[in-house]
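Report on the structure given below.
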Amino acid sequence: MAIVGCGLIGQKRAKSLGGERLVACADIAQDRADRLAATVTSCKAVTDWKLAVSDPDVSIVIISTLHDTLAEIAHGAVAAGKHVLIEKPAARRAAELAGLAEAAAANGSLVRVGFNHRYHRALQKAHDLVTSGALGPLMFLRARYGHGGRVGYDREWRSDPAKSGGGELIDQGPHLIDLARWFLGDFAEVDGFATTYFWDMPVDDNGFLLLKTAEKKVAFLHASCTEWKNTFSFEIYGRDGKIDINGLGGSYGIERLTYYKMLPEMGPPETTTWEYPMADNSWDTEFAEFLEDIRLKRPPSAGLRDAIEALTIIEKIYRMSRYDHHA
């Protein structure tokens with residue numbers, strides 16, 4: 001195992017390896033690589049990611065760098081014949097991922113994209129309910145995800161389009177888009193608007209999306225970093241009932257799923273609530289599934305196509321909103 005990018009997400013990943021041995025850590029800041037490497041025995045710390053991905057003891061590479069190097073390192077790791085878990089959004093734009101899936105197939109490498117929100121307990125439960133037919137045919141979903149930033153947020157790397165590829169829509173937006181596709185399928189029509197209301201930065205702080213499948217199932221999504229109180233809300237509407245998910249744990253509040261089952265006489269629905277007050281295990285569950293993908297040689301359920309679909313939607317909204325993050 002190697003981790004490239006030893007910041008907050010790299011550290012989270014290191015805690016979720018399920019017994020796999022971490023043999024190399026790479027970060028452009030030597031001290032960050034050193035700190036993460038020191039948490040396990042006999043782990044190398046390097047500043048050049050190429051040394052980590054070419055290491056013969058490494059078979060899996062986790063890439064948790066800033067957005068501007070995700071795709072470049074993924075191409076390098078796949079060229080070295082490694083399996084790769086690349087954090088969302090996987091690139092600043094879809095074009096950076098061109099040829100990666102073909103190279104991975106040619107080299108026998110599996111590539112998973114870190115859409116860990118699929119693995120939160122409430123979303124796993126929702127997916128089980130939907131696929132069991134509990135909601136009947138789906139009609140639409142409505143979701144909001146946001147935080148309030150912090151003092152100086154508009155001077156951090158996320159506000160630099162060269163590093164980030166955009167603002168809030170490419171930061172928390174990909175999770176919303178990916179979850180919407182996971183439940184509704186591919187979107188044939190994309191509409192929306194990204195803008196900057198509050199933060200003094202050249203990237204968006206709010207993104208609004210209206211996405212439609214070919215069958216006119218709709219995803220109505222809003223990603224915001226002017227939320228002030230951290231919010232995660234995900235509602236799925238079927239002809240026979242609805243699911244309401246709130247919270248992701250921590251500052252987002254207890255993760256909770258409520259299932260409203262419509263009765264034949266309509267009126268107040270039969271209501272069941274599940275609460276998940278325990279620690280978030282989505283990172284562990286996701287990585288365990290990736291190990292199983294590798295063992296079974298099966299394509300990861302969240303893969304490059306999912307990242308490309310999300311990025312393609314984001315780029316379209318940016319073009320419609322006259323944001324030129326791709327200069």
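When a residue number appears, it is its place in the shown sequence, counting from 1.
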Kindly indicate, with the supporting measurements, whether the criterion side-chain contact (heavy atoms from CB on, under 4.5 Å) is fulfilled by Trp157 and Asp160.
CA-CA 5 Å; Trp157 71 267; Asp160 177 354; 5.5 Å; no
One pair to check against side-chain contact (heavy atoms from CB on, under 4.5 Å): Leu36 and Gln11. What are the steps and the verdict?
CA-CA 7 Å; Leu36 190 54; Gln11 292 160 36; 4.1 Å; yes
Between Tyr252 and Phe232, is a ring pair (Phe, Tyr, Trp, His ring centres under 6.0 Å) present by the stated rule, with each step listed?
CA-CA 6 Å; Tyr252 286 86; Phe232 181 83; 7.5 Å; no
Do Leu257 and Asp244 pass the side-chain contact (heavy atoms from CB on, under 4.5 Å) test, and can you show the C-alpha distance, the side-chain angles, and the key distance before you say yes or no?
CA-CA 6 Å; Leu257 179 151; Asp244 182 2; over 6 Å; no
When you look at Lys217 and Phe183, which way does the side-chain contact (heavy atoms from CB on, under 4.5 Å) test go after all the steps?
CA-CA 10 Å; Lys217 292 176 187 172; Phe183 285 100; over 6 Å; no
Between Phe234 and His117, does the ring pair (Phe, Tyr, Trp, His ring centres under 6.0 Å) criterion hold? Intermediate values first, please.
CA-CA 11 Å; Phe234 200 90; His117 285 37; 10.0 Å; no
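Electrostatic pairing of Lys316 and Asp191 does not count as a salt bridge here, judged by no charged N lying under 4.0 Å from a carboxylate O. The pair Glu286-Arg118 does not count as a salt bridge, with every side-chain nitrogen at least 4.0 angstrom from each carboxylate oxygen. Between Arg298 and Glu292 no salt bridge is recorded (no basic side-chain N to carboxylate O distance below 4.0 Å).
Here the side chains of Ser224 and His147 are not in contact, with every heavy-atom distance at 4.5 Å or above. Between Glu315 and Met320, every side-chain heavy-atom pair lies at or beyond the 4.5 Å cut-off. Leu135 has its side chain out of reach of Arg239: every pair of non-hydrogen atoms, C-beta onward, lies at least 4.5 Å apart.
Listed by chain and residue number, Arg256 satisfy the salt bridge (Lys or Arg N to Asp or Glu O under 4.0 Å) test with Glu275 (two or more places apart in sequence, or in another chain). Taking Ala29 as the reference, Asp27, Asp31, Arg32 meet the side-chain contact (heavy atoms from CB on, under 4.5 Å) condition, with sequence neighbours excluded.
When all heavy atoms are compared, the tightest approach of Glu168 to Asn206 is CB-N, 4.4 Å. Closest of all the heavy-atom pairs between Glu255 and His120 is OE1-ND1, 2.8 Å. The shortest heavy-atom contact between Leu291 and Leu17 is CD1-O, 4.1 Å. Nearest heavy atoms, Val58 versus Ala52: CG2-O, 3.7 Å. Nearest approach of Ile245 to Ala122, heavy atoms of both residues: CD1-O, 3.7 Å.
The stretch residues 96-110 participates, sequence neighbours left out, in these side chain to side chain donor-acceptor pair (under 3.5 Å) pairs: Arg92-Glu96. Within the structure, no pair that satisfies the ring-ring contact (aromatic ring centres under 6.0 Å, His included) test touches residues 255-296, not counting sequence neighbours. The ring-ring contact (aromatic ring centres under 6.0 Å, His included) analysis of residues 199-230, with sequence neighbours excluded, yields the pairs Tyr153-Trp199, Phe198-Trp228, Phe208-His222.
For Leu210, the CG atom is densely surrounded, since the number of other residues' heavy atoms within 6.0 Å is greater than 12. Taking a 6.0 Å sphere around CZ of Arg121, one finds it holds more than 12 heavy atoms contributed by other residues, nucleotides or ligands. More than 12 heavy atoms of other residues, nucleotides or ligands shown are found within 6.0 angstrom of NZ on Lys229. In the displayed structure, Met266 atom CE is contacted under 6.0 Å by at most 12 heavy atoms of other residues, nucleotides or ligands.
Checked by atom type and distance alone, the side chain of Thr195 never pairs as donor or acceptor with a backbone atom of Tyr197 at under 3.5 Å. Between the side chain of Ser164 and the backbone N or O of Arg158, at least one donor-acceptor pair lies under 3.5 Å. Listed for the Thr271 side chain is a donor-acceptor partner under 3.5 Å among the backbone atoms of Pro269. One N or O on the side chain of Ser321 and one on the backbone of Ala194 form a donor-acceptor pair closer than 3.5 Å.
Considering CG of Asp186 and CG of Leu184, their distance stands at 10.5 Å, rounded to 0.5 Å. Residue Lys212 holds its NZ atom at 14.5 Å from CZ of Phe140, rounded to the nearest 0.5 Å. In this structure, CD1 on Ile236 lies 8.5 Å from NE2 on His127, to the nearest 0.5 angstrom. To the nearest 0.5 angstrom, Asp280 atom CG is 7.5 Å from Leu248 atom CG.
Counted by atom type alone, Thr231 and Ser233 present zero donor-acceptor pairs between their side chains at under 3.5 Å. Side chains of Gln30 and Asp34: a donor on one and an acceptor on the other come within 3.5 Å. Under the 3.5 Å distance criterion, with hydrogens and angles disregarded, a donor-acceptor pair is assigned to the side chains of Ser251 and Asn230.
Transitive grouping of hydrophobic side chains (ILVMFWY, heavy atoms separated by less than 4.5 Å) keeps Val218 and Leu221 in distinct clusters.
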Donor-acceptor pairs under 3.5 angstrom involving side-chain atoms of residues 43-51: please list them, not counting sequence neighbours.
residue: Lys44; atom: NZ; partner: Asp55; partner atom: OD2; Å: 2.4
residue: Asp48; atom: OD1; partner: Lys50; partner atom: N; Å: 2.9

